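Working notes for the structure below.
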Amino acid sequence: MARTKDPTAATIKSWETRRRNQEKAAGIRTRSQPSGGGDVVQQRGDFGVATSGRAAVAAIVRTAGHFAAREVVDDGIKMLSLPVEAVLGLTEIRLESQSNMTRPATIRGGIRVPERVALGGYAADLMRAGINADALIREGGLRSKPARAARTLSHEIGHHAHLSRLSDAAAAEWASISKNGKNCEVTSYGMKNTTEHFAEAFSHYAQPDPFLDHAPRRAWLKRAEPEAYAFMERLWTDKSMWRAGGHAEYNRRRRIQGGLSG
Amino acid sequence: MTLQAFVTRIRAGELMVPSSLIEGDTYATVMAPLTLDDPAAVTAEAFQHGVFNASESWERALSQVKAAIAGLANTRTKSDPRRSA
(Lines give C-alpha, C1' and ligand atoms only; values in the text may rest on other atoms or scores of the structure.)
Protein backbone atom coordinates (compact mmCIF):
# COMPACT_ATOMS: atom_id res chain seq x y z
CA MET A 1 0.00 0.00 0.00
CA ALA A 2 1.34 3.39 -0.97
CA ARG A 3 2.26 5.56 1.99
CA THR A 4 0.44 8.89 2.00
CA LYS A 5 2.50 11.82 3.16
CA ASP A 6 0.81 14.01 5.76
CA PRO A 7 0.67 17.46 4.13
CA THR A 8 0.28 19.23 7.47
CA ALA A 9 3.37 17.59 8.91
CA ALA A 10 5.32 18.41 5.73
CA THR A 11 4.25 22.04 5.94
CA ILE A 12 5.26 22.31 9.58
CA LYS A 13 8.59 20.62 8.87
CA SER A 14 9.41 23.00 6.03
CA TRP A 15 8.28 25.96 8.13
CA GLU A 16 10.48 24.80 11.00
CA THR A 17 13.50 24.37 8.73
CA ARG A 18 13.05 27.85 7.28
CA ARG A 19 12.60 29.29 10.76
CA ARG A 20 15.71 27.59 12.10
CA ASN A 21 17.71 29.02 9.20
CA GLN A 22 16.29 32.47 9.87
CA GLU A 23 17.11 32.20 13.58
CA LYS A 24 20.63 31.06 12.76
CA ALA A 25 21.10 34.02 10.42
CA ALA A 26 19.75 36.39 13.07
CA GLY A 27 21.92 34.91 15.82
CA ILE A 28 18.90 33.66 17.78
CA ARG A 29 19.47 30.36 19.57
CA THR A 30 16.65 28.15 20.83
CA ARG A 31 16.70 24.50 21.78
CA SER A 32 15.86 22.31 18.79
CA GLN A 33 12.57 20.48 19.04
CA PRO A 34 11.15 17.45 17.27
CA SER A 35 9.15 18.37 14.22
CA GLY A 36 6.49 16.66 12.19
CA GLY A 37 3.25 17.33 13.98
CA GLY A 38 1.50 18.36 17.13
CA ASP A 39 1.72 21.79 18.61
CA VAL A 40 5.26 22.61 17.61
CA VAL A 41 5.19 26.10 19.03
CA GLN A 42 4.02 24.82 22.40
CA GLN A 43 6.96 22.40 22.39
CA ARG A 44 9.30 25.24 21.60
CA GLY A 45 8.04 27.15 24.62
CA ASP A 46 10.92 26.22 26.93
CA PHE A 47 13.09 29.27 27.02
CA GLY A 48 15.09 28.21 30.02
CA VAL A 49 17.96 28.12 27.53
CA ALA A 50 17.11 31.43 25.90
CA THR A 51 20.06 33.78 25.73
CA SER A 52 18.11 36.88 24.85
CA GLY A 53 14.67 38.42 25.11
CA ARG A 54 14.26 37.95 21.37
CA ALA A 55 14.81 34.21 21.63
CA ALA A 56 12.39 34.02 24.56
CA VAL A 57 9.70 35.87 22.59
CA ALA A 58 10.26 33.69 19.52
CA ALA A 59 9.78 30.63 21.71
CA ILE A 60 6.39 31.62 23.13
CA VAL A 61 4.65 32.93 20.01
CA ARG A 62 1.79 30.58 19.15
CA THR A 63 0.56 30.69 15.59
CA ALA A 64 -2.96 29.31 16.08
CA GLY A 65 -2.88 28.61 12.35
CA HIS A 66 -1.69 32.08 11.32
CA PHE A 67 1.51 31.01 9.58
CA ALA A 68 1.69 34.10 7.37
CA ALA A 69 1.39 36.33 10.43
CA ARG A 70 4.09 34.26 12.09
CA GLU A 71 6.48 35.20 9.28
CA VAL A 72 5.71 38.89 9.81
CA VAL A 73 6.06 38.57 13.60
CA ASP A 74 9.39 36.77 13.24
CA ASP A 75 10.68 39.63 11.10
CA GLY A 76 9.37 42.05 13.72
CA ILE A 77 11.15 40.18 16.53
CA LYS A 78 14.47 40.63 14.70
CA MET A 79 13.98 44.39 14.95
CA LEU A 80 13.73 44.31 18.75
CA SER A 81 16.19 44.52 21.59
CA LEU A 82 14.73 43.03 24.77
CA PRO A 83 16.12 42.00 28.16
CA VAL A 84 15.15 38.39 28.90
CA GLU A 85 13.97 39.51 32.36
CA ALA A 86 11.14 41.45 30.73
CA VAL A 87 9.74 38.32 29.11
CA LEU A 88 10.03 35.81 31.97
CA GLY A 89 6.66 34.61 33.20
CA LEU A 90 4.88 35.60 30.00
CA THR A 91 3.06 32.37 29.20
CA GLU A 92 2.34 32.95 25.53
CA ILE A 93 1.90 35.47 22.75
CA ARG A 94 -1.00 34.26 20.69
CA LEU A 95 -1.66 35.30 17.11
CA GLU A 96 -5.42 35.75 17.25
CA SER A 97 -8.06 36.06 14.54
CA GLN A 98 -9.76 39.40 14.04
CA SER A 99 -13.03 38.06 15.46
CA ASN A 100 -11.35 37.10 18.73
CA MET A 101 -9.89 40.59 19.02
CA THR A 102 -13.17 42.43 18.39
CA ARG A 103 -15.33 43.88 21.13
CA PRO A 104 -18.90 44.17 19.82
CA ALA A 105 -20.85 47.41 20.06
CA THR A 106 -22.69 47.80 23.37
CA ILE A 107 -24.86 50.27 25.25
CA ARG A 108 -23.14 51.47 28.41
CA GLY A 109 -24.83 54.03 30.64
CA GLY A 110 -27.26 54.89 27.86
CA ILE A 111 -24.41 55.66 25.48
CA ARG A 112 -23.66 53.51 22.46
CA VAL A 113 -20.08 52.22 22.54
CA PRO A 114 -19.09 51.32 18.95
CA GLU A 115 -17.39 48.08 17.96
CA ARG A 116 -13.68 48.18 18.78
CA VAL A 117 -11.06 46.08 17.03
CA ALA A 118 -7.93 45.53 19.11
CA LEU A 119 -4.50 45.30 17.49
CA GLY A 120 -3.04 43.67 20.56
CA GLY A 121 -3.70 43.03 24.20
CA TYR A 122 -2.23 41.83 27.47
CA ALA A 123 -4.15 39.89 30.11
CA ALA A 124 -2.34 40.59 33.38
CA ASP A 125 -4.15 37.85 35.32
CA LEU A 126 -3.12 35.18 32.80
CA MET A 127 0.23 36.82 31.90
CA ARG A 128 -0.70 36.29 28.27
CA ALA A 129 -0.49 38.58 25.25
CA GLY A 130 -2.44 38.49 22.00
CA ILE A 131 -1.79 40.03 18.61
CA ASN A 132 -4.45 40.58 15.93
CA ALA A 133 -2.93 38.41 13.21
CA ASP A 134 -5.52 39.28 10.56
CA ALA A 135 -4.91 43.02 10.95
CA LEU A 136 -1.17 42.44 10.90
CA ILE A 137 -1.33 40.66 7.53
CA ARG A 138 -4.00 42.85 5.96
CA GLU A 139 -2.98 46.38 6.92
CA GLY A 140 0.10 48.35 5.95
CA GLY A 141 2.59 47.92 3.13
CA LEU A 142 4.69 44.80 2.82
CA ARG A 143 7.79 46.55 4.10
CA SER A 144 6.08 48.24 7.02
CA LYS A 145 4.37 45.13 8.41
CA PRO A 146 7.37 43.88 10.47
CA ALA A 147 7.77 47.34 12.02
CA ARG A 148 4.12 47.35 13.03
CA ALA A 149 4.52 43.87 14.46
CA ALA A 150 7.60 45.01 16.39
CA ARG A 151 5.74 47.99 17.79
CA THR A 152 2.67 45.99 18.91
CA LEU A 153 4.75 43.14 20.31
CA SER A 154 7.05 45.39 22.30
CA HIS A 155 4.10 47.42 23.63
CA GLU A 156 2.32 44.32 24.95
CA ILE A 157 5.56 42.88 26.37
CA GLY A 158 6.01 46.30 27.99
CA HIS A 159 2.72 45.77 29.84
CA HIS A 160 3.98 42.42 31.10
CA ALA A 161 7.30 43.93 32.16
CA HIS A 162 5.58 46.74 34.04
CA LEU A 163 2.70 44.87 35.69
CA SER A 164 4.32 41.52 36.41
CA ARG A 165 8.10 41.81 36.32
CA LEU A 166 9.28 45.16 37.71
CA SER A 167 10.55 45.24 41.30
CA ASP A 168 8.41 47.27 43.71
CA ALA A 169 11.10 49.94 43.96
CA ALA A 170 11.43 50.24 40.19
CA ALA A 171 7.63 50.40 39.76
CA ALA A 172 7.43 53.20 42.33
CA GLU A 173 10.26 55.04 40.59
CA TRP A 174 8.45 54.76 37.27
CA ALA A 175 5.23 56.08 38.82
CA SER A 176 7.09 59.20 39.95
CA ILE A 177 8.68 59.64 36.51
CA SER A 178 5.38 59.21 34.66
CA LYS A 179 2.99 61.13 36.93
CA ASN A 180 0.10 59.08 35.50
CA GLY A 181 1.20 59.78 31.93
CA LYS A 182 1.34 63.57 32.41
CA ASN A 183 5.08 63.57 31.73
CA CYS A 184 4.72 61.55 28.53
CA GLU A 185 5.75 63.32 25.35
CA VAL A 186 6.64 60.39 23.16
CA THR A 187 3.13 59.45 21.90
CA SER A 188 -0.47 60.42 22.61
CA TYR A 189 -1.13 56.80 23.59
CA GLY A 190 1.37 57.04 26.44
CA MET A 191 -0.42 60.06 27.88
CA LYS A 192 -3.39 57.93 28.96
CA ASN A 193 -1.91 56.67 32.23
CA THR A 194 1.23 55.30 33.93
CA THR A 195 0.78 51.83 32.43
CA GLU A 196 0.44 52.98 28.84
CA HIS A 197 3.28 55.45 29.31
CA PHE A 198 5.55 52.62 30.46
CA ALA A 199 4.50 50.38 27.55
CA GLU A 200 5.16 53.14 25.02
CA ALA A 201 8.52 54.13 26.50
CA PHE A 202 9.50 50.45 26.73
CA SER A 203 8.43 49.89 23.12
CA HIS A 204 10.47 52.86 21.91
CA TYR A 205 13.59 51.76 23.77
CA ALA A 206 13.16 48.22 22.43
CA GLN A 207 13.49 49.51 18.84
CA PRO A 208 17.07 50.77 18.57
CA ASP A 209 17.49 50.67 14.80
CA PRO A 210 16.21 52.99 12.08
CA PHE A 211 13.44 51.64 9.87
CA LEU A 212 12.86 52.90 6.32
CA ASP A 213 12.91 56.69 6.54
CA HIS A 214 12.16 56.82 10.28
CA ALA A 215 14.74 57.61 12.93
CA PRO A 216 15.27 54.91 15.57
CA ARG A 217 12.45 55.02 18.10
CA ARG A 218 14.99 54.62 20.88
CA ALA A 219 16.72 57.81 19.77
CA TRP A 220 13.39 59.62 19.71
CA LEU A 221 12.68 58.54 23.31
CA LYS A 222 16.08 59.90 24.34
CA ARG A 223 15.30 63.22 22.69
CA ALA A 224 11.70 63.52 23.94
CA GLU A 225 11.94 62.04 27.44
CA PRO A 226 15.51 61.86 28.81
CA GLU A 227 14.33 60.73 32.25
CA ALA A 228 12.24 57.86 30.86
CA TYR A 229 15.15 56.96 28.56
CA ALA A 230 17.57 56.75 31.51
CA PHE A 231 15.10 54.53 33.38
CA MET A 232 14.79 52.18 30.41
CA GLU A 233 18.56 52.12 29.96
CA ARG A 234 18.87 50.81 33.53
CA LEU A 235 16.16 48.20 32.88
CA TRP A 236 18.23 46.82 30.03
CA THR A 237 21.42 46.63 32.09
CA ASP A 238 20.58 46.37 35.82
CA LYS A 239 19.04 43.08 36.94
CA SER A 240 18.13 44.53 40.36
CA MET A 241 15.35 46.52 38.64
CA TRP A 242 13.45 43.27 38.09
CA ARG A 243 11.44 41.10 40.42
CA ALA A 244 13.38 38.03 41.52
CA GLY A 245 12.34 34.48 40.64
CA GLY A 246 11.37 35.01 37.03
CA HIS A 247 12.51 31.63 35.78
CA ALA A 248 10.97 29.80 38.76
CA GLU A 249 7.65 31.57 38.26
CA TYR A 250 7.74 30.80 34.56
CA ASN A 251 8.46 27.11 35.10
CA ARG A 252 5.77 26.87 37.80
CA ARG A 253 3.15 28.28 35.44
CA ARG A 254 4.27 26.02 32.62
CA ARG A 255 3.92 22.99 34.90
CA ILE A 256 0.41 24.10 35.93
CA GLN A 257 -0.54 24.41 32.29
CA GLY A 258 0.90 20.98 31.54
CA GLY A 259 3.27 22.45 29.03
CA LEU A 260 6.47 21.45 30.81
CA SER A 261 7.32 18.00 32.06
CA GLY A 262 9.17 17.47 35.33
CA MET B 1 2.83 67.35 5.75
CA THR B 2 2.34 70.87 7.04
CA LEU B 3 1.00 71.49 10.54
CA GLN B 4 -2.10 73.09 9.03
CA ALA B 5 -2.82 70.02 6.93
CA PHE B 6 -2.15 67.81 9.93
CA VAL B 7 -4.70 69.51 12.22
CA THR B 8 -7.21 69.66 9.35
CA ARG B 9 -6.92 65.91 8.95
CA ILE B 10 -7.41 65.45 12.68
CA ARG B 11 -10.52 67.64 12.66
CA ALA B 12 -11.91 65.54 9.82
CA GLY B 13 -11.37 62.45 11.97
CA GLU B 14 -8.95 60.96 9.46
CA LEU B 15 -6.00 60.37 11.76
CA MET B 16 -6.24 57.07 13.59
CA VAL B 17 -3.80 56.44 16.43
CA PRO B 18 -3.38 53.62 18.94
CA SER B 19 -5.39 54.07 22.11
CA SER B 20 -6.13 51.98 25.17
CA LEU B 21 -9.15 49.93 26.16
CA ILE B 22 -8.97 48.55 29.70
CA GLU B 23 -11.35 45.80 30.79
CA GLY B 24 -10.49 44.45 34.24
CA ASP B 25 -7.01 42.97 34.04
CA THR B 26 -6.86 43.16 30.25
CA TYR B 27 -5.13 46.01 28.44
CA ALA B 28 -6.01 46.23 24.75
CA THR B 29 -4.65 48.46 22.02
CA VAL B 30 -7.38 49.80 19.74
CA MET B 31 -7.22 52.32 16.93
CA ALA B 32 -9.17 55.49 17.61
CA PRO B 33 -9.42 58.86 15.85
CA LEU B 34 -7.19 61.53 17.34
CA THR B 35 -9.05 64.66 18.41
CA LEU B 36 -8.00 68.26 18.86
CA ASP B 37 -9.06 68.31 22.53
CA ASP B 38 -5.56 67.77 23.88
CA PRO B 39 -2.87 69.92 22.21
CA ALA B 40 -0.10 67.91 23.93
CA ALA B 41 -1.39 64.69 22.35
CA VAL B 42 -1.56 66.41 18.95
CA THR B 43 2.01 67.66 19.44
CA ALA B 44 3.30 64.18 20.28
CA GLU B 45 1.65 62.73 17.18
CA ALA B 46 2.94 65.61 15.05
CA PHE B 47 6.48 64.61 16.01
CA GLN B 48 5.65 60.95 15.33
CA HIS B 49 4.30 61.83 11.87
CA GLY B 50 7.29 63.97 10.96
CA VAL B 51 5.40 67.28 10.98
CA PHE B 52 8.15 68.65 13.22
CA ASN B 53 11.83 67.85 13.03
CA ALA B 54 13.22 65.93 15.97
CA SER B 55 15.41 68.96 16.73
CA GLU B 56 12.37 71.19 17.31
CA SER B 57 11.77 72.06 20.98
CA TRP B 58 8.65 70.61 22.61
CA GLU B 59 7.52 74.00 23.96
CA ARG B 60 7.78 75.71 20.59
CA ALA B 61 6.02 72.85 18.84
CA LEU B 62 3.23 72.87 21.43
CA SER B 63 2.67 76.62 21.03
CA GLN B 64 2.54 76.20 17.23
CA VAL B 65 -0.01 73.42 17.60
CA LYS B 66 -2.15 75.54 19.92
CA ALA B 67 -2.03 78.39 17.42
CA ALA B 68 -2.95 76.08 14.54
CA ILE B 69 -5.91 74.65 16.47
CA ALA B 70 -7.08 78.14 17.40
CA GLY B 71 -6.72 79.25 13.78
CA LEU B 72 -8.73 76.27 12.60
CA ALA B 73 -11.50 77.02 15.08
CA ASN B 74 -11.93 80.43 13.48
CA THR B 75 -12.27 79.06 9.96
CA ARG B 76 -15.42 77.42 8.63
CA THR B 77 -15.43 75.21 5.62
CA LYS B 78 -18.26 74.26 3.29
CA SER B 79 -18.46 70.87 4.97
CA ASP B 80 -18.78 72.42 8.44
CA PRO B 81 -22.31 71.60 9.67
CA ARG B 82 -22.37 74.80 11.74
CA ARG B 83 -22.28 76.78 8.52
CA SER B 84 -25.79 75.78 7.54
CA ALA B 85 -27.15 75.82 11.09
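Protein chains get the first letters and strands the later ones, always in sequence-line order, with residue 1 at the start of each. Quantities reported herein were computed from a predicted structural model and do not represent experimental measurements.
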>> If you count heavy-atom pairs within less than 4.5 Å of chain A, which of B:Thr26, B:Asp25, B:Ile22 leads?
In response: B:Asp25
> Quick one: NZ on A:Lys192 to OH on B:Tyr27, what's the gap to the nearest 0.5 Å?
Replying inline: 15.0 Å
>> Tell me whether B:Gln48 contacts the main-chain N or O of A:Thr187 through its side chain, where contact means a donor paired with an acceptor under 3.5 Å.
In response: no
> Which atom names give the shortest non-hydrogen contact between B:Ala44 and A:Met191, and what distance separates them?
Replying inline: CB-CE, 3.6 Å
>> Is A:Thr195 in contact with chain B via its backbone, its side chain, both, or neither, using a 4.5 Å heavy-atom distance?
In response: side chain
>> Under 4.5 Å from any heavy atom of chain B, what part of A:His160 do you find: side chain, backbone, both or neither?
In response: neither
> When rounded to the nearest 0.5 angstrom, what distance separates CZ in A:Arg223 from CG in B:Asn53?
Replying inline: 10.0 Å
> What's the shortest heavy-atom distance between B:Ala28 and A:Ala118, and which atoms?
Replying inline: CB-CB, 4.1 Å
> Taking every heavy-atom pair that is under 4.5 Å apart, which of A:Cys184, A:Gly120, A:Gly121, A:Ala123 has the most such pairs with chain B?
Replying inline: A:Gly120
>> In the structure I gave you, are the side-chain heavy atoms of A:Glu185 and B:Phe47 within less than 4.5 Å of one another anywhere?
In response: no
> Should the heavy atoms of other residues, nucleotides or ligands under 6.0 Å from CZ of A:Arg138 be counted, would the total exceed 12?
Replying inline: yes
> What part of B:Leu34 gets closer than 4.5 Å to chain A, counting heavy atoms only: side chain, backbone, both or neither?
Replying inline: side chain
>> As an exercise, state the distance from CE of B:Met31 to OH of A:Tyr189, rounded to the nearest 0.5 Å.
In response: 10.0 Å
> What part of A:Asn193 is in contact with chain B, defined as an atom under 4.5 angstrom from a non-hydrogen atom: side chain, backbone, both or neither?
Replying inline: side chain
>> Keeping A:Arg116 on the side-chain end and B:Leu21 on the backbone end, is there a donor-acceptor pair under 3.5 Å?
In response: no
> Is chain B contacted by the side chain of A:Arg128, its backbone, both, or neither, given a heavy-atom distance below 4.5 Å?
Replying inline: neither
> Can you find a pair of side-chain heavy atoms, one from B:Pro18 and one from A:Arg151, that are under 4.5 Å apart?
Replying inline: yes
> What option among A:Glu196, A:Glu200, A:His155 has the most heavy-atom pairs under 4.5 Å with chain B?
Replying inline: A:Glu196
